[in-house]
Amino acid sequence: MNYWLFKTEPAECSMDDFVRAASTPIVWEGVRNYQARNFLRDQLAVGDQVFIYHSSCKDIGIAGIAQVTRAAYPDPSQFDVTSSYFDPKASADNPRWVAVDLTFVRKLPQLIRLDKLKSLATLIELPLIRKGNRLSVMPVTRAEWQTILALT
DNA sequence: GCCAACGTTGGC
DNA sequence: GCCAACGTTGGC
């Protein structure tokens, strides 16, 4: 089993949306970066654990945990002309982008703030806190996962 | 295959 | 809203 961190803008999809969805999977679509896609497509497996990170908002940080309940499949939004994620270069027999399903595990009792994460020497390798990082799906090592969980 | 121009991300 | 940093595009 592997560990990951997914960024999301809470205005789009927040940890509270997972809370409300309870046992209903949330379709994680709209990833449009090749490196992130490759992680989704090649390495995300059912049962993997995912930190849900809130970006571009007032309270930036890790808000909770979800797990992968369906591995990669073609992202439906790439075929949807009404979606902002529509990709004219994608076709049903040659999809470019993939989605996974995530299911709620738990919300953290309090948000782990970005500045807190940045303050820990053991997390300097985490892509999230590297300057200029733009990955929206990134691997988290077991050690990093445990370090972060220990903050709660 | 290079690389300039452009668009996007995301913290501040 | 700013802007640094990065990824993507497309002409050559």
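We use all heavy atoms of the structure for the numbers below, so side chains are in, but hydrogens, waters and symmetry mates are not. By convention in this document, chain letters (A, B, ...) are assigned in the order of the sequence lines, proteins followed by strands, and residues within each chain are numbered from 1.
- For the pair Asn133(A) CG and dG7(C) P, the interatomic distance rounds to 9 Å; values are reported in whole Å.
- Annotation for Arg96(A): atom CZ counts as buried by contact number, over 12 foreign heavy atoms lying within 6.0 Å.
- Residue Leu114(A) places its side chain closer to dC12(B) than to any other of dG7(C), dC12(B), dG10(C).
- Nearest-nucleotide assignment on DNA chain C puts the 5′-proximal partner with Asn33(A), out of Asn33(A) and Lys89(A).
- Taking only side-chain nitrogens and oxygens, Tyr53(A) never comes nearer than 4.0 Å to OP1 or OP2 of dT9(B).
- Note: OH (Tyr34(A)) to P (dT9(B)) measures 14 Å, nearest angstrom.
- Protein atom CG of Leu128(A) is 13 Å distant from nucleotide atom C1' of dT9(B), rounded to whole Å.
- Rounded to whole Å, the distance from CE on Met138(A) to C1' on dG7(C) is 15 Å.
- A close approach under 4.0 Å does occur between a side-chain nitrogen or oxygen of Lys7(A) and OP1 or OP2 of dG10(B).
- For the pair Leu5(A) CG and dG10(B) C1', the interatomic distance rounds to 14 Å; values are reported in whole Å.
- In this structure, the CG atom of Leu111(A) is 12 Å from the P atom of dG11(B), given to the nearest Å.
- Considering only the side chain of Lys131(A), dA5(C) comes nearest among dA5(C), dG10(B), dT8(C).
- The CG atom of Asp87(A) sits 19 Å away from the P atom of dG7(C) (whole-angstrom rounding).
- A salt bridge links Arg20(A) with Asp17(A): at least one charged nitrogen is closer than 4.0 Å to a carboxylate oxygen.
- The separation between Lys58(A) atom NZ and dC12(B) atom C1' is 14 Å, rounded to whole Å.
- Distance check: Glu12(A) CD to Lys7(A) NZ gives 15.5 Å after rounding to the nearest 0.5 Å.
- Applying the ring-ring contact (aromatic ring centres under 6.0 Å, His included) test between Trp4(A) and each of Tyr53(A), Phe51(A), Phe39(A) identifies Phe39(A) as the sole match.
- Between Lys118(A) and dC12(B), a side-chain N or O to OP1/OP2 separation shorter than 4.0 Å is present.
- The aromatic rings of Tyr34(A) and Trp97(A) sit tilted, their planes meeting at an angle between 30° and 60°.
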